[in-house]
Asker: 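Have a look at this one before I ask anything.
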Protein chains: 2
Amino acid sequence: MNAPLTLRDIARQAGVSLATVDRVLHNRPGVRADTVRRVKDAMTRSAFQPHAAASELARARSRRFAFVMPAGVNLFMQQIQAHLGEMANWMAARRLSVEIVATDVFDPAILAARLEDLVGRVDGVAVVALDHPSVRAAINDLVESGAKIVTLVSDVPSSRRHHYVGIDNIAAGRAAGALVGRFTGGRPGRVAIMAGSHGLRDHAERIFGFTQVIAAEYRQLEVLPVVEGHDDDDRSEHLMRRLLADYRDIVGLYNVGAGTAGVAKALTEPLSGSGRAGDIVFVGHDVTAVTRKLLLNGVMDAVISQNPGHEARSAVRVLLALARGEPLLSEQEAIRIDIVMRDNLP
Amino acid sequence: MNAPLTLRDIARQAGVSLATVDRVLHNRPGVRADTVRRVKDAMTRSAFQPHAAASELARARSRRFAFVMPAGVNLFMQQIQAHLGEMANWMAARRLSVEIVATDVFDPAILAARLEDLVGRVDGVAVVALDHPSVRAAINDLVESGAKIVTLVSDVPSSRRHHYVGIDNIAAGRAAGALVGRFTGGRPGRVAIMAGSHGLRDHAERIFGFTQVIAAEYRQLEVLPVVEGHDDDDRSEHLMRRLLADYRDIVGLYNVGAGTAGVAKALTEPLSGSGRAGDIVFVGHDVTAVTRKLLLNGVMDAVISQNPGHEARSAVRVLLALARGEPLLSEQEAIRIDIVMRDNLP
DNA sequence: CTGTTAGCGCTTTCAC
DNA sequence: GTGAAAGCGCTAACAG
């Protein structure tokens with residue numbers, strides 16, 4: 001019925017100028033308290049919402065974001081980057097650009113240095129961070145410089161980052177535990193855990209959740225000490241071989257990080273004296289080309305996954321909203337824990 | 001480094017006016033083929049992307065969308081509506097409004113009439129549709145009228161709807177089948193299926209997928225004939241009681257639609273001579289207040305779920321993009337099948 | 001077939 | 001403290 005209101009209408013209603021309304025709208029100083037009240041009244045009275053496009057156009061700013069991510073062949077990280085690539089047009093239409101900074105995220109000094117490099121150069125940063133004091137300090141410096149920061153996949157909760165884009169890793173570990181528990185169907189035996197490193201916050205949290213569930217609800221299962229494969233295929237394979245040889249009663253296996261191909265190889269290779277893939281419930285993380293194949297051929301039973309496309313888009317959206325000073329649709333930005341089996345492979 | 005290009009820059013490069021560039025950009029007629037080429041060249045040469053906000057502002061249109069959804073107490077549908085409510089500000093900032101049309105979606109004549117009412121009145125419609133000829137015709141009439149149409153939750157693939165917002169229900173059924181199969185842990189016995197109605201396309205597809213998996217991969221399980229609870233608690237409870245009494249060897253239960261509270265009641269109530277909740281693997285759909293409680297207390301083992309928030313936002317985003325003539329981020333709009341257990345309850 | 005021009009609603013100087 | 005006015009980049013008449 002009624003044409004949408006504009007700032008102009010509010011200005012008229014409050015008996016002030018456009019500029020003043022704008023000042024009030026953005027809580028800028030230099031307006032008498034009384035005038036502020038009058039303007040705010042007018043706004044609420046008519047449920048005024050500023051037109052997003054107009055505001056965006058008027059400031060006509062382009063923005064630079066940086067994504068600081070692990071260098072190397074981590075398939076999951078590559079997927080995130082690919083999804084960023086798919087957003088290129090979307091970002092261009094909004095005058096955004098993102099620069100990918102590949103670095104050694106396992107070395108806190110190097111990672112912190114890369115982050116410090118960005119101070120003053122960008123409007124926002126998404127970082128796959130190691131939770132370490134010097135990294136935390138670098139994040140805080142970036143925040144101090146006015147940039148907006150989101151942590152990606154692995155959080156640094158003690159820093160002043162504005163937002164975390166990733167899953168609740170304790171819950172993810174619990175879900176993995178429940179799957180191993182249920183899928184072993186009451187058979188007693190041991191459960192092996194292969195992690196990248198205890199030092200990674202996300203891995204540590206997953207292990208915690210997993211162990212918790214197994215201990216509490218599946219008493220017939222005994223969890224073996226965690227071995228660290230450093231997300232590396234060869235190393236993981238080697239360690240896995242050893243485990244399989246040492247313990248003949250392994251019924252479940254939780255691979256917390258990457259290196260999945262190596263683990264699977266140890267599990268399936270007849271030479272290793274195992275070929276026990278069919279008997280061992282194998283749960284891991286993230287849908288990649290490797291895990292997809294293992295699910296399809298039945299070596300893996302389930303994958304706990306976070307959606308890399310969602311994470312990429314969410315990081316960009318959140319950085320943009322923070323930079324513009326817009327509110328987040330928080331439910332939209334929550335990253336869910338996906339349980340993926342052969343039949344709901346995306 | 002370089003300030004982003006504008007239409008003006010392209011115009012200068014191609015030696016034409018702003019208006020001509022705009023015509024070419026939108027494939028509007030009335031431009032000589034040769035000029036079109038020159039302009040397109042200039043655009044690609046400089047990788048031009050029009051500024052989304054400027055375009056949106058210049059047309060300054062408000063848009064009306066309608067959501068046609070089942071009247072009544074369906075918790076899942078209520079959640080979708082609640083999420084639409086949460087987007088109110090977001091929509092207002094983009095000059096969108098949505099009107100919710102509650103109707104009897106089980107009666108094709110009524111549903112079709114409601115849809116016809118909307119012809120000419122709205123820019124877009126999202127509809128939870130029954131797959132029936134008269135509904136299909138109404139959808140096509142709306143498309144004819146220039147409105148953009150998305151089907152929501154349940155599709156009408158034979159219509160000319162522009163997009164379907166919902167999950168692959170066959171895959172959802174397969175996932176449910178795999179869960180029942182795995183969780184029963186090799187125990188032989190019968191599996192019951194409770195559906196809303198065979199006439200609902202989504203229910204029929206789920207049953208198909210479920211049965212397929214059980215038959216192919218879990219030969220020790222025998223699927224009982226589907227009973228129809230009409231998504232109604234009382235009716236579902238009654239039918240479930242009968243099933244439990246008739247068959248003492250039920251080890252699995254798949255509830256395809258709503259009415260979950262009734263099913264659970266039959267399963268747990270000691271009077272019904274059953275109290276067999278602990279022995280029967282119970283899988284259903286959608287995370288609601290009811291299913292959440294049943295997962296937590298162990299009556300349900302898993303829920304196959306589509307994210308109502310995602311569906312609500314996706315429907316609005318897709319309608320908006322279609323109305324504006326913008327491309328979709330197709331991966332973003334794909335609705336995933338979530339498997340939810342106690343430990344990854346959102 | 002092509003160009004000119006007046007906005008869209010908000011932000012941002014720069015005056016007063 | 002407040003206001004006037006010049007854009008932001010694109011679209012849509014309306015002329016030619």
Side-chain angles (χ1 to χ4, degrees), chain A residues 2-40 42-43 46-63 89 91-96 323-326, chain B residues 2-40 42-43 46-63 89 91-96 323-326:
Chain A
N2 34 24
L5 294 173
T6 73
L7 270 196
R8 209 179 204 86
D9 301 316
I10 303 295
R12 216 171 6 73
Q13 275 188 44
V16 297
S17 81
L18 252 184
T20 299
V21 178
D22 186 66
R23 289 184 186 107
V24 173
L25 184 59
H26 298 289
N27 304 306
R28 275 191 274 267
V31 186
R32 223 181 322 145
D34 175 57
T35 334
V36 171
R37 214 185 25 68
R38 264 178 29 243
V39 173
K40 288 207 162 154
M43 288 196 194
S46 37
F48 171 74
Q49 278 289 338
H51 190 141
S55 146
E56 178 59 11
L57 175 58
R59 38 195 153 191
R61 286 227 293 133
S62 1
R63 296 174 225 265
N89 287 338
M91 296 195 287
R94 285 155 186 78
R95 300 303 182 253
L96 304 180
R324 286 183 180 171
E326 290 174 353
Chain B
N2 33 24
L5 295 172
T6 71
L7 271 195
R8 208 178 205 89
D9 301 316
I10 303 295
R12 217 173 3 72
Q13 275 188 44
V16 296
S17 80
L18 249 187
T20 300
V21 179
D22 186 65
R23 287 183 188 108
V24 173
L25 184 59
H26 297 290
N27 304 306
R28 274 191 276 267
V31 186
R32 224 184 321 147
D34 176 57
T35 333
V36 170
R37 215 187 23 68
R38 268 185 18 249
V39 173
K40 287 207 161 155
M43 288 198 196
S46 37
F48 171 74
Q49 278 288 341
H51 190 143
S55 150
E56 177 59 9
L57 175 59
R59 38 195 153 190
R61 288 226 292 133
S62 357
R63 295 175 226 266
N89 287 339
M91 295 195 287
R94 285 155 187 79
R95 301 303 182 251
L96 304 180
R324 285 183 180 170
E326 289 174 354

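The sequence lines fix the lettering, A, B, ..., with proteins before strands; numbering per chain opens at 1. Small disclaimer: the values here were computed from a predicted structure and weren't measured.
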Asker: Among the candidates D:dC10, C:dC10, C:dT12, find the nucleotide nearest to the side-chain atoms of A:R28.
Answerer: C:dT12
Asker: Check whether any side-chain heavy atom of B:R95 lies under 4.5 Å from a side-chain heavy atom of A:Q49, and answer yes or no.
Answerer: yes
Asker: Rounded to whole Å, please give me the gap between CZ in B:R59 and P in D:dG9.
Answerer: 17 Å
Asker: Closer than 4.0 Å, any side-chain N/O of B:S55 to the OP1 or OP2 of D:dT11?
Answerer: yes
Asker: Among D:dC10, C:dC10, C:dG3, which nucleotide has an atom closest to any side-chain atom of B:L18?
Answerer: D:dC10
Asker: Which of these nucleotides, C:dG9, D:dT11, D:dC10, is closest to any side-chain atom of B:T6?
Answerer: D:dC10
Asker: Please report, rounded to the nearest Å, how far the P atom of D:dG9 is from the CZ atom of B:F48.
Answerer: 10 Å
Asker: For the side chain of B:R23 and the base of C:dG3, is some donor closer than 3.5 Å to an acceptor across the two?
Answerer: yes
Asker: For B:H26 and D:dC10, give me the distance from atom NE2 to atom P, rounded to whole Å.
Answerer: 9 Å
Asker: Separation of B:E56 atom CD from C:dG9 atom P, in whole Å?
Answerer: 11 Å
Asker: Counting side-chain heavy atoms from CB outward, which of C:dC10, D:dG9, C:dT11 is closest to A:L57?
Answerer: D:dG9
Asker: With a non-hydrogen cut-off below 4.0 angstrom, is A:A60 in contact with a base, only sugar-phosphate, or nothing?
Answerer: sugar-phosphate
Asker: Flag the pair A:M43 / A:V21 as yes when at least one side-chain heavy-atom distance between them is below 4.5 Å, and no otherwise.
Answerer: yes
Asker: Expressed in angstrom and rounded to an integer, what is the separation of B:D22 atom CG from C:dA6 atom P?
Answerer: 18 Å
Asker: Both A:A54 and B:T35 contact DNA chain C. Taking the nearest nucleotide for each, which residue is further toward the 5' end?
Answerer: B:T35
Asker: Should A:H51 be listed as having a side-chain N or O under 4.0 Å from OP1 or OP2 of C:dC8?
Answerer: no
Asker: Please examine the side chains of A:L7 and A:H51, heavy atoms only from C-beta on, and report whether any two atoms are closer than 4.5 Å.
Answerer: no
Asker: I'd like to check B:R94 versus B:R63 (side-chain heavy atoms, cut-off strictly below 4.5 Å). Are they in contact?
Answerer: no
Asker: If I take atom CZ in residue A:R324 and atom P in nucleotide C:dT11, what distance separates them, rounded to the nearest angstrom?
Answerer: 12 Å
Asker: Would you say A:R32 places a side-chain N or O within less than 4.0 Å of OP1 or OP2 belonging to D:dT2?
Answerer: yes
Asker: Between B:L7 (CG) and C:dT2 (P), how many Å, whole number?
Answerer: 16 Å
Asker: Nearest whole Å is fine: how far is D:dG9 P from B:D9 CG?
Answerer: 9 Å
Asker: For atom CZ of B:R28, is the number of surrounding heavy atoms from other residues, nucleotides or ligands below 6.0 Å larger than 12?
Answerer: yes
Asker: Go nucleotide by nucleotide along DNA chain D from the 5' end; which of A:A19 and B:P50 gets its closest nucleotide reached first?
Answerer: A:A19
Asker: Do the side-chain N or O atoms of B:T20 get closer than 4.0 angstrom to the phosphate oxygens (OP1, OP2) of C:dT2?
Answerer: no
